[in-house]
Amino acid sequence: MTDLNNRRLDAAAFDAERGEVLQGWATGAGVCFADALRVQEALPVEKRFAVALAEADAQGHTLLQPRAGVALVREHVALLNGLSPYCDVLPTTIDAYTRHNRYAEAQEGIDRSRAAGTSLLNGFPAVNHGVEGCRRLVEALEKPVQVRHGTPDARLLAEITLAAGFSSFEGGGISYNIPYAKHVPLERSIRHWQYCDRLVGRFEEAGISINREPFGPLTGTLVPPFVSHVVAILEGLLALEQGVKCITLGYGQAGNVAQDIAALRSLRRLANHYFLNAGFTDYRLTTVFHQWMGGFPEDESQATAVICLGALVARQARATKIIVKTPHEASGVPTLEANQAGLKATRQMVNMISDQNRVDSPDIQMEIDVIEAEVHAVMREILRLGGGDVARGAVLAFAAGVMDVPFAPAKANLGKLTPVRDNHGAIRLFDVGNVPLPADVLAFHRDKIAERARAERRDPSFNMVVDDVRAISASKLVGRPA
Amino acid sequence: MTDLNNRRLDAAAFDAERGEVLQGWATGAGVCFADALRVQEALPVEKRFAVALAEADAQGHTLLQPRAGVALVREHVALLNGLSPYCDVLPTTIDAYTRHNRYAEAQEGIDRSRAAGTSLLNGFPAVNHGVEGCRRLVEALEKPVQVRHGTPDARLLAEITLAAGFSSFEGGGISYNIPYAKHVPLERSIRHWQYCDRLVGRFEEAGISINREPFGPLTGTLVPPFVSHVVAILEGLLALEQGVKCITLGYGQAGNVAQDIAALRSLRRLANHYFLNAGFTDYRLTTVFHQWMGGFPEDESQATAVICLGALVARQARATKIIVKTPHEASGVPTLEANQAGLKATRQMVNMISDQNRVDSPDIQMEIDVIEAEVHAVMREILRLGGGDVARGAVLAFAAGVMDVPFAPAKANLGKLTPVRDNHGAIRLFDVGNVPLPADVLAFHRDKIAERARAERRDPSFNMVVDDVRAISASKLVGRPA
Amino acid sequence: MSGDSQGYKVVLGVIGADCHAVGNRILTSVLTQGGIEVVNLGVMVSQDEFIDCARAEQAGAILVSSIYGHGELDCQDFRARCEERGLGDIVLYVGGNLVIGKQEFAAVEAQFRDMGFDRVFRPTVDLAEVIALLKSDIDQRRPAGLRNSRALPAERLSA
Amino acid sequence: MSGDSQGYKVVLGVIGADCHAVGNRILTSVLTQGGIEVVNLGVMVSQDEFIDCARAEQAGAILVSSIYGHGELDCQDFRARCEERGLGDIVLYVGGNLVIGKQEFAAVEAQFRDMGFDRVFRPTVDLAEVIALLKSDIDQRRPAGLRNSRALPAERLSA
Ligand code: B12
Ligand code: B12
């Protein structure tokens with residue numbers, strides 16, 4: 001595994017690497033760290049992501065954030081300013097060519113979008129627009145703005161966007177590889193993300209706090225909470241090591257209310273546990289809840305109901321931030337109006353739930369216990385494999401199937417672990433693959449699945465999984481036989 | 001109070017009264033009980049309301065029902081058939097002139113609607129359309145259909161619609177007077193509803209089960225659960241006495257999740273308690289949950305979120321039926337499409353929640369305890385006032401303010417009881433008026449309101465109530481100062 | 001009052017067979033706190049009841065609510081009826097869910113202005129604005145001698 | 001297989017830089033159970049990879065998924081490229097969220113048919129229908145001698 005390890009990147013080596021990174025596309029020449037610091041320092045307080053998160057956390061508020069990105073700067077400004085009144089923090093979703101460093105194709109997308117008069121890209125090609133285009137964007141906004149993408153090698157993207165005044169950067173070496181790529185070796189993407197985190201660390205050292213958000217939902221489809229929690233904790237540890245201070249860990253709604261509340265509550269607790277154990281104390285941790293990340297129902301009213309359930313659970317679990325879906329989700333990149341509609345429905349639900357009693361129940365506590373047992377078991381094995389080094393441990397764990405993400409396209413992922421819903425819709429393990437869970441936890445999963453199988457008078461099988469994947473689009477949580 | 005009492009109406013007197021009732025409007029001549037029985041007997045099983053309810057109750061399903069009514073038969077048929085695929089049981093909402101027996105004005109509304117090519121009435125004027133028009137309607141449908149209205153004297157309406165094959169009839173002598181009328185004495189409306197219940201009793205005796213549904217939500221605005229529960233229990237007892245067998249008791253969402261779940265759960269238990277205590281055993285009890293009955297937000301996405309919260313709570317509380325609102329609620333009588341949208345969102349939410357764990361918590365149990373203590377206290381006083389007779393007791397209780405419905409327009413209602421939300425959004429009593437609640441319960445209400453007052457740094461006052469009334473439309477549950 | 005002093009007195013009610021009582025309670029509370037004397041007829045008020053009361057009370061304006069959708073039918077000829085009864089000049093407001101269904105407000109407004117209402121309000125109207133308009137409209141319609149000679153701020157006059 | 005026997009063999013994949021893997025897994029599972037032999041290239045497949053594989057496997061059809069919105073850009077000239085490479089006659093299907101945003105399906109369909117796809121599917125398509133169409137389309141395109149002489153029901157051929 002080459003020389004990957006979880007150590008802070010050496011300053012000289014980082015600078016040398018930076019030289020190469022900035023040559024990745026013509027616009028790299030526009031990056032200058034000193035200028036970048038000045039741009040960030042000049043940002044008014046209401047445009048700083050870390051400040052918005054800290055305030056929300058202190059006051060117990062939940063921030064709303066949409067997804068949005070189109071090909072051209074002017075259109076993207078108009079889009080974000082149309083969303084701004086309905087949300088608290090802004091996104092810039094990057095197009096899929098840029099995510100794969102295919103800047104030439106992104107350029108073609110820009111050119112053809114200009115000709116077509118409509119965006120032919122599924123996001124904003126920030127690298128192609130360069131520091132200058134991105135600065136025009138940030139300056140035209142009134143709220144903090146984050147880069148949201150899915151890029152295994154996001155070094156140039158980070159350099160350009162942070163130099164332009166973006167104050168939060170999503171992603172991580174695992175979460176932006178396993179669900180987003182096919183052939184990228186995990187050691188490579190982790191190494192590239194150490195660079196991104198180190199860059200953020202340099203801003204922190206210069207007194208500029210940049211928020212970092214590992215991508216919680218992974219493939220968005222039947223991901224057991226412990227799987228995404230382990231990734232979140234690993235990426236948190238990797239980021240802290242490089243000097244990141246402001247971290248938001250994420251979780252994607254799985255559908256069962258008790259399990260989802262338990263997941264978000266345990267995420268904060270588990271992360272603090274591992275961060276403190278690793279000797280980090282000087283960090284600010286917040287959480288983000290992603291509304292349903294699997295296939296949506298096509299009908300807009302039904303989609304809104306899915307959005308509303310997510311809003312309710314996120315608020316009941318007291319997430320710091322919600323990533324908001326839209327009634328167009330099943331169909332395509334949403335219009336401004338559809339995006340506003342998702343935000344308005346979410347806001348109404350969050351507001352209605354905001355003041356209400358804290359939700360607690362034996363079911364939630366039981367789910368917390370299960371998730372904690374699972375996370376500890378897997379983390380223990382990862383640390384063992386890595387000889388105490390989480391970077392090496394992560395790579396070896398994925399190779400061995402000790403960590404395994406369902407439905408992931410990456411070759412780096414074994415793909416043996418198979419989830420399925422239980423009779424109440426909570427996600428359980430139909431096939432644990434090579435993940436080393438304790439015997440009592442495995443027995444629990446087996447019993448829960450057996451209960452469902454009895455109720456449906458059929459044996460558990462991959463067909464059950466297929467039914468579950470398609471269930472929400474067909475207006476159900478559990479995919480029962482007709 | 002004349003000679004009102006809770007006794008089964010005498011057969012001869014009923015027949016004599018019927019003669020008069022049928023002369024209330026020309027179409028009364030079309031009613032014949034023998035024909036009515038034949039029409040009801042001929043109804044296929046899938047058009048019988050009582051069957052749909054019994055099946056849902058047995059299988060633990062939740063039925064969806066919209067509201068809908070337009071001026072003309074053909075348009076109304078088209079409307080209901082457009083809704084039918086999205087719901088389980090159908091409504092026919094009656095226009096407001098008919099509700100006040102103003103059939104001449106209803107006729108003018110029909111005529112002017114015909115001329116205008118659009119409905120100028122807010123419902124279906126069933127009396128004016130007569131048995132013949134209503135039969136055409138019922139025949140054109142494929143699901144059970146209920147009369148939903150708000151009529152203090154609904155005798156003629158009941159005769160005509162039941163003769164035409166409607167198999168459920170909403171309302172009651174209290175719930176269709178206090179929120180719906182101004183000058184109608186309570187003894188009169190109760191007496192008129194004894195007639196309606198007796199008519200249903202006669203169908204039952206002939207082997208035809210007609211569902212009866214007292215109107216749960218009353219004024220729909222900050223109604224404390226015990227208030228609507230007492231009315232539901234009283235109307236249930238009055239109906240059972242006249243031979244009604246199939247009863248659905250209702251509750252309108254108040255907004256606080258724990259209180260709403262507690263309310264629906266306690267309703268079934270309390271009603272069984274009083275019905276069995278009164279010697280009734282041969283009845284079938286189901287429940288109906290009304291999505292938010294107060295002022296809605298104007299924005300359709302926000303309105304959909306309100307609808308979704310109601311759907312979630314109704315299903316968590318395992319209501320037998322949900323009355324579904326629409327995204328047009330704040331604006332006006334909904335179009336077919338808006339009505340479908342409300343149903344689709346509700347269905348999606350109900351389906352997603354259906355299989356999930358039963359929700360339980362100490363908060364819910366505490367709310368149940370409070371509601372039960374309140375209901376028992378008021379019922380005790382009503383029975384005392386009536387010397388054991390609930391009909392007389394109800395009239396005397398309203399006159400004395402022992403029962404008191406907030407925001408009710410009826411002179412028969414004292415209007416001293418004033419509700420307000422507590423810091424978590426549950427409805428509490430700011431001014432108990434003359435309602436005889438136990439001292440510990442009053443202290444509980446006082447403490448809860450004091451907690452909110454402290455949080456808002458203002459004294460509880462009617463302004464707080466005004467803020468609460470307008471809160472949901474302004475996207476909040478609790479009306480806090482800006 | 002508004003006939004013989006500088007106070008602002010209005011008759012308020014919900015017209016026709018309409019039982020919606022909540023908005024009426026809110027309006028009464030907010031207008032009163034805004035310095036307007038409200039004679040509240042409650043729900044289910046006929047045109048003649050409004051007019052009788054406005055005459056008896058010498059009110060400066062009649063505020064009609066229609067919430068339930070029959071506004072078009074119930075408000076027909078309201079101004080004409082006022083004129084017949086010698087109240088041709090009174091300020092006439094109407095508000096609520098005036099017609100059946102969700103309709104373009106501009107069309108609804110035009111329709112009710114044609115019926116002789118001075119102002120037409122949607123349900124979401126800001127009541128602070130209504131109070132300001134009401135005061136100025138009543139002032140405009142006062143007999144010339146009294147116009148523009150505002151006495152005490154109206155807020156102080158009310159409890 | 002479909003070249004030399006009566007089986008139904010298809011090449012499946014997600015085109016371009018598209019990483020959406022879930023639908024691909026579902027399609028593989030459902031088509032296989034429907035009696036179709038699926039050679040699955042997974043996600044991020046280029047036009048040439050599709051064509052190379054179809055030639056090597058003598059597949060009867062290529063099924064292209066595009067989910068992420070760049071379908072318009074990625075599928076450009078697909079049929080022409082097939083023709084160049086001697087696969088002019090192969091059955092070409094495309095499905096998924098083919099364009100950016102929620103657009104009228106009829107227009108999207110026309111656009112992709114213009115690019116030479118035989119059939120264009122929306123995400124909500126019933127996969128049982130797809131299986132039936134696929135079999136009949138492959139049968140239609142078989143060399144004449146083999147056409148219409150169905151062997152065993154295809155379902156039996158698959159595991
Ligand atoms: C899960 C998901 C993800 C996951 C994917 C994880 C993974 N590796 O699989 C993650 C989070 C990583 C992701 C990333 C992105 N996503 Co995404 N994603 C989704 C989501 C929510 C569900 C997709 C899914 O799994 N559906 C379930 C499966 C079973 O259905 P399916 O994919 O539609 O496939 C079925 C049918 O389409 C059909 N079908 C498909 N192909 C074919 C071919 C033929 C021949 C036939 C007959 C049928 C057929 O059959 C399949 C099986 O039933 C959809 C929205 C939705 N549908 O609700 C968005 C969506 C597809 N994503 C979208 C986008 C834009 C992206 C991103 C660019 C980020 C962004 N801007 O939001 C990146 C893409 C990065 C990349 N390089 O591809 C857009 C595409 C927009 C468009 N077309 O206009 C969507 C529609 C969301 C939206 N409305 O904006 N996404
Ligand atoms: C609660 C309610 C009821 C309760 C009323 C209890 C009671 N006695 O008060 C009950 C359940 C009994 C009821 C019954 C009916 N209702 Co109702 N009800 C509502 C609901 C949900 C809220 C009304 C409310 O209290 N709002 C809160 C208050 C504060 O707001 P407001 O009433 O709009 O008043 C404010 C403004 O309009 C404005 N305003 C009002 N008048 C005026 C006048 C002036 C001059 C000004 C400046 C401002 C102004 O200021 C007020 C204070 O802020 C509304 C829908 C909604 N708005 O969400 C439907 C609604 C008003 N009801 C409606 C209907 C049709 C009925 C029924 C006929 C039954 C049916 N078909 O559904 C019956 C009517 C029976 C009758 N005879 O009137 C329709 C009216 C449709 C239309 N216009 O097209 C509505 C809009 C629902 C709908 N979309 O279908 N209802």
Side-chain angles (χ1 to χ4, degrees), chain B residues 70-71 95-102 105-106 108-109 112-113 116 118-123 150 177-183 219-222 294-300 326-335 338 406-411 413 415 462-463 465-467 469-470 473-474, chain C residues 12-34 38 40-47 49 65-77 95-105 107-108 111 121-128 130 159:
Chain B
V70 288
D95 72 288
Y97 293 136
T98 301
R99 294 166 183 229
H100 293 284
N101 313 101
R102 286 152 75 156
E105 280 165 272
E108 199 186 322
R112 294 192 46 186
S113 298
T118 172
S119 179
L120 297 177
L121 290 179
N122 55 15
N177 176 341
I178 303 297
Y180 282 100
K182 189 173 179 180
H183 293 300
T219 51
T221 305
L222 298 177
F296 256 66
E298 199 195 18
D299 177 80
E300 299 192 16
T326 84
H328 281 186
E329 179 64 12
S331 308
V333 170
T335 57
F407 298 102
K411 303 275 185 230
N413 189 67
F462 192 70
N463 281 338
V465 183
V466 169
D467 291 345
V469 168
R470 304 163 88 187
S473 315
Chain C
L12 175 74
V14 188
I15 198 167
D18 193 336
C19 73
H20 289 90
V22 181
N24 176 267
R25 287 284 291 282
I26 303 296
L27 280 172
T28 304
S29 164
V30 176
L31 295 183
T32 305
Q33 289 191 38
V38 178
N40 184 11
L41 299 175
V43 304
M44 298 180 71
V45 181
S46 68
Q47 292 195 1
E49 285 174 272
S65 290
S66 178
I67 311 290
Y68 73 154
H70 292 183
E72 222 169 320
L73 299 169
D74 295 334
C75 293
Q76 206 59 33
D77 303 323
N97 299 86
L98 294 172
V99 295
I100 296 286
K102 186 167 183 165
Q103 299 187 23
E104 266 305 323
F105 183 69
V108 174
Q111 189 182 355
F121 299 93
R122 52 179 106 217
T124 50
V125 60
D126 178 352
L127 298 182
V130 174

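Not measured: the values here are computed from a predicted model. A, B, ... follow the sequence lines: proteins, then strands. Residue 1 opens every chain.
To the nearest 0.5 Å, the span separating CE on C:Met44 from CD on C:Glu49 amounts to 9.5 Å. Atom CZ in B:Phe462 sits 10.5 Å away from atom CG in B:Asp467 (nearest 0.5 Å). Note that CZ of B:Phe407 and CG of B:Asn413 are 11.5 Å apart. Values are rounded to the nearest 0.5 Å. The distance from the CG atom of C:Asp74 to the CD1 atom of C:Ile15 is 5.5 Å, given to the nearest 0.5 Å.
Between chain C and the residues B:Thr118, B:Thr219, B:Asn463, the largest count of heavy-atom pairs under 4.5 Å involves B:Asn463. With chain C as the partner, the residue from B:His328, B:Glu298, B:Lys182 showing the most heavy-atom pairs under 4.5 Å is B:Lys182. Of all the listed residues (C:Arg25, C:His70, C:Lys102), the one sharing the greatest number of non-hydrogen pairs under 4.5 Å with chain B is C:His70. Chain C forms the most heavy-atom pairs under 4.5 Å with one residue out of B:Leu120, B:Val333, B:Leu121, B:Asn122, and that residue is B:Asn122. Note on C:Gly96, C:Ala21, C:Pro123, C:Ala17: by heavy-atom pairs under 4.5 Å with chain B, the leading option is C:Ala17. Of the listed residues (C:Gly69, C:Gly23, C:Gly42, C:Ser29), the greatest number of heavy-atom pairs within a distance under 4.5 Å of chain B belongs to C:Ser29.
Using a 4.5 Å cut-off between heavy atoms, C:Val14 makes no contact with chain B at all. Residue B:Ala474: no heavy atom, backbone or side chain, is found under 4.5 Å from chain C. Only the backbone of B:Pro179 comes within contact range of chain C, with heavy atoms under 4.5 Å apart. Looking at B:Glu329, neither its backbone nor its side chain comes within 4.5 Å of chain C, counting heavy atoms on both sides. For B:Thr335, no part lies near chain C; criterion is any non-hydrogen pair under 4.5 Å. Interface residue B:Val466: backbone and side-chain heavy atoms are both found under 4.5 Å from chain C. Contact of B:Arg112 with chain C is made through the side chain alone, with heavy-atom distances under 4.5 Å.
Using modelled atom types and a 3.5 Å distance limit, the side chains of B:Asp95 and C:Tyr68 yield no donor-acceptor pair.
What you find for B:Pro409 and C:Cys19 is that their closest heavy atoms are CG-O, 3.7 Å.
Between C:Ser65 and C:Asn24, every side-chain heavy-atom pair lies at or beyond the 4.5 Å cut-off. In this structure, the side chains of C:Asn97 and C:His20 stay at 4.5 Å or more apart for every pair of heavy atoms.
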Original post:
Does the side chain to side chain contact (heavy atoms under 4.5 Å, CB included) test come out yes or no for C:Gln33 and C:Leu127, once each step is laid out?
Top reply: CA-CA 11 Å; C:Gln33 289 191 38; C:Leu127 298 182; over 6 Å; no
